[in-house]
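Structure first, then comments.
Note that the coordinates shown come from a computational prediction; the quantities given were computed from them, not determined experimentally. A, B, ... follow the sequence lines: proteins, then strands. Residue 1 opens every chain.
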Number of protein chains: 2
Amino acid sequence: MAKVKIHSKEIPVKTIGRLSQYRRALLICTLKGKTHIFSHEIAAIQHVTAVQVRRDLMLIGFNGSLKQGYNIRNLIDVISEILDYEEGVNVAIFGLGNFGRALFNYFYGKRSQLRIVATFDSNTEKIGTEYNKVYCYSPYRVEEIVKKKNIKIAILTVPPKRALEVAKKLVDAGIKGILNYTSTPIDVPDDVFLDEYDMITTMEKAAFFVKMNELKL
Amino acid sequence: MAKVKIHSKEIPVKTIGRLSQYRRALLICTLKGKTHIFSHEIAAIQHVTAVQVRRDLMLIGFNGSLKQGYNIRNLIDVISEILDYEEGVNVAIFGLGNFGRALFNYFYGKRSQLRIVATFDSNTEKIGTEYNKVYCYSPYRVEEIVKKKNIKIAILTVPPKRALEVAKKLVDAGIKGILNYTSTPIDVPDDVFLDEYDMITTMEKAAFFVKMNELKL
DNA sequence: ACAGTATTGTTATTTATTTAACAATAATGA
DNA sequence: TCATTATTGTTAAATAAATAACAATACTGT
Ligand SMILES: NC(=O)c1ccc[n+]([C@@H]2O[C@H](COP(=O)([O-])OP(=O)(O)OC[C@H]3O[C@@H](n4cnc5c(N)ncnc54)[C@H](O)[C@@H]3O)[C@@H](O)[C@H]2O)c1
Ligand SMILES: NC(=O)c1ccc[n+]([C@@H]2O[C@H](COP(=O)([O-])OP(=O)(O)OC[C@H]3O[C@@H](n4cnc5c(N)ncnc54)[C@H](O)[C@@H]3O)[C@@H](O)[C@H]2O)c1
């Protein structure tokens, strides 16, 4: 799924990602009392060009005024209408280790429509406890709880060796989106959103560029 | 910097990222005693097509044999020659909170050429202690320590409000790559590698796709 | 010996994404 | 009044990346 239709226009996935970032920048602006903003101002905050911003906004059919630029409040609302899900989406974390907990803390409460409603861990000392008021279940209960709590998105932070089996269970249970942070690539059906991020790959790219830059001297 | 020359051929940055992933998959294969591998096998492990793999390998001038495919050991060596930096690269973490520590634990020791040689935190209880045998310095000493220890890459996990000031200090001190995990976008000169990752943006994309898929029904 | 098969390596094509170009517009002020 | 300026919205062009196509090759089995 690389594009999506909104108002009968095709929207690239990359635009969706940028809209999320624009909104974040805009929210900070409103806190500062700003009411209007120009495309080049948005561009300066995020890492994009003013043209890119205008093009993205064109795609979602949002218009600014020539002299004042874009109305921040309205723009936030329009982006939210696109990105957000009225009823909200339920999320669960699988693997409540150091990394899972760090993500939990960071994510918890940041977006009102995105709710962490369960955690899963195989460690018997964790099962049955609450972390940030959210109950920790045994992985045996994945199917049951995912259905009962209508969980749609999974954050996968189990050990790499467990990734494949857990991912399979998730898909079978009806999960529709997985953020896979284990270093094991997983496969999912077409109708399941998948994102895989690994800091080591990024670090290797960084090191490569450092090397390249030094050689250029 | 979107492309890089190797053997006088232009290599897209994306290829570099994939090479890192290929190598990881290959290392696992060697552990299993495999000596040769076909492009479609590599493709099946990672999320790419066989054509993509062959094209990437063509770009770095690596040849396989028609009947056996690619020699895994050789391929790992060639990729390592491209990605790795003989003398190694020194890395530091800025912000030793939950997230910083989780990344530390994950990263520490995974790549012999990429060494975490220092951590920095403003919390006086952390300054002067060792975490995983690595000393924690006060942010006041950034310039001094970065130069003394020849630190090239920074993992940025300070609170979002501190991101801009710390990033500026890093660049001034001579850091050449930053992995920015704070939700605050930062700006760096052209000769500094920058990667910004934020799980909330990813989560919002995931939620968006879940929503889209449901509407399609 | 040779048709059939599976694979690589590379060029050509297509698709996706970004960037550039510019007309339209509205305010400013000489 | 009218040139100047700064901006938007949109089309056109350029660039980047992925995919397809296919010749070349080497092995298999008959
Ligand atoms: N992508 C990144 O940048 C990145 C960064 C850090 C860690 N990681 C990865 O994230 C994962 C977690 O890292 P960590 O440091 O928190 O490790 P950890 O060992 O602290 O946590 C793993 C947790 O998963 C639990 N677990 C094991 N099997 C399970 C199962 N079948 N179902 C549910 N829970 C299960 C364990 O009990 C443990 O609590 C690892 O795969 C690690 O490689 C990725
Ligand atoms: N990108 C992601 O997906 C993601 C996930 C989790 C957290 N985060 C971000 O990572 C950062 C850290 O998160 P956390 O949960 O570890 O928070 P935390 O509060 O536990 O850790 C922050 C640490 O930074 C230290 N610090 C403060 N000012 C500093 C300075 N000037 N120099 C050095 N250290 C300083 C604090 O003492 C603390 O130890 C935050 O910005 C958070 O938003 C991002």
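Atom CZ in Arg55(B) sits roughly 11 Å away from atom C1' in dA16(D) (whole-Å rounding). In this structure, the CG atom of Leu59(A) is 11 Å from the P atom of dT18(C), given to the nearest Å. Note: CD (Gln68(A)) to C1' (dT25(C)) measures 14 Å, nearest angstrom. With rounding to whole Å, Phe62(A) atom CZ is found 15 Å from dT7(D) atom C1'. One atom, CG of Leu57(B), and another, P of dA18(D), lie 14 Å apart when rounded to the nearest Å. Rounded to a whole Å, the CG atom of Asp56(B) is 14 Å from the P atom of dT10(C). Put simply, CD on Gln52(B) is 15 Å from C1' on dT10(C), counting in whole angstrom units.
With contacts defined as side-chain heavy-atom distances shorter than 4.5 Å, the pair Val171(B)/Pro189(B) qualifies. Side chains of Leu19(A) and Phe208(B) form no contact here, defined as non-hydrogen atoms less than 4.5 Å apart.
Residues Phe99(A) and Phe99(B) place their aromatic rings such that the two centres sit under 6.0 Å apart.
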How does protein reach along nucleotides 25-30 of chain D, written 5' to 3' as B (base within reach of a heavy atom under 4.0 Å), S (only sugar-phosphate), or - (no contact)? BSS---
Pair up each side-chain donor or acceptor in residues 148-158 of chain A with any protein partner under 3.5 Å, not counting sequence neighbours, and list the distances.
{"from": "Lys152(A)", "atom 1": "NZ", "to": "Glu214(B)", "atom 2": "OE2", "distance (Å)": "3.1"}
{"from": "Thr157(A)", "atom 1": "OG1", "to": "Phe94(A)", "atom 2": "O", "distance (Å)": "3.2"}
{"from": "Thr157(A)", "atom 1": "OG1", "to": "Gly95(A)", "atom 2": "O", "distance (Å)": "2.6"}

Donor-acceptor pairs under 3.5 Å, side chain of residues 38-50 of chain A to any protein atom, not counting sequence neighbours: which ones?
{"from": "Ser39(A)", "atom 1": "OG", "to": "Arg54(A)", "atom 2": "NH1", "distance (Å)": "3.4"}
{"from": "Glu41(A)", "atom 1": "OE1", "to": "Phe38(A)", "atom 2": "N", "distance (Å)": "2.7"}
{"from": "Glu41(A)", "atom 1": "OE2", "to": "Lys34(A)", "atom 2": "NZ", "distance (Å)": "3.2"}
{"from": "Gln46(A)", "atom 1": "OE1", "to": "Gln21(A)", "atom 2": "NE2", "distance (Å)": "3.4"}
{"from": "Gln46(A)", "atom 1": "NE2", "to": "Gln21(A)", "atom 2": "O", "distance (Å)": "3.1"}
{"from": "His47(A)", "atom 1": "NE2", "to": "Ile186(B)", "atom 2": "O", "distance (Å)": "2.6"}
{"from": "His47(A)", "atom 1": "NE2", "to": "Glu196(B)", "atom 2": "OE1", "distance (Å)": "3.1"}
{"from": "His47(A)", "atom 1": "NE2", "to": "Glu196(B)", "atom 2": "OE2", "distance (Å)": "3.4"}
{"from": "Thr49(A)", "atom 1": "OG1", "to": "Gln52(A)", "atom 2": "N", "distance (Å)": "3.1"}

Contacts table for residues 61-72 of chain B: side-chain donor-acceptor under 3.5 angstrom, sequence neighbours left out:
{"from": "Ser65(B)", "atom 1": "OG", "to": "Gln68(B)", "atom 2": "N", "distance (Å)": "3.1"}
{"from": "Asn71(B)", "atom 1": "OD1", "to": "Arg73(B)", "atom 2": "N", "distance (Å)": "3.0"}
{"from": "Asn71(B)", "atom 1": "OD1", "to": "Asn74(B)", "atom 2": "N", "distance (Å)": "2.9"}

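A heavy atom lying under 4.0 Å from DNA chain D marks the following residues of residues 34-49 of chain A, by number: Phe38(A), Ser39(A), His40(A).
Residue Asn63(B) places no side-chain N or O under 4.0 Å from the OP1 or OP2 atom of dT8(C).
By the 4.0 Å N-to-carboxylate-O rule, Glu143(A) lies close enough to Lys147(A) to be salt-bridged with it.
Comparing atom distances between the Lys14(B) side chain and each of dA18(D), dT11(D), dT19(C) picks out dA18(D) as nearest. With distances taken from any side-chain atom of Met58(A) to the nucleotides dT19(D), dT11(C), dT11(D), the minimum falls on dT11(D). Nearest to the side-chain atoms of Arg54(A) among the listed nucleotides dG9(C), dC22(C), dT19(C) stands dC22(C). Across dA18(D), dT17(C), dT8(D), the shortest atom-to-atom separation from the side chain of Tyr70(A) is found for dT8(D).
Judged as a salt bridge (charged side-chain N to carboxylate O under 4.0 Å, His left out), not a single pair has a partner in residues 87-101 of chain A (not counting sequence neighbours).
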Go through Asp84(A) and Arg23(A) one step at a time and tell me if the salt bridge (charged side-chain N to carboxylate O under 4.0 Å, His left out) criterion holds. CA-CA 12 Å; Asp84(A) 295 347; Arg23(A) 177 168 65 173; 3.0 Å; yes
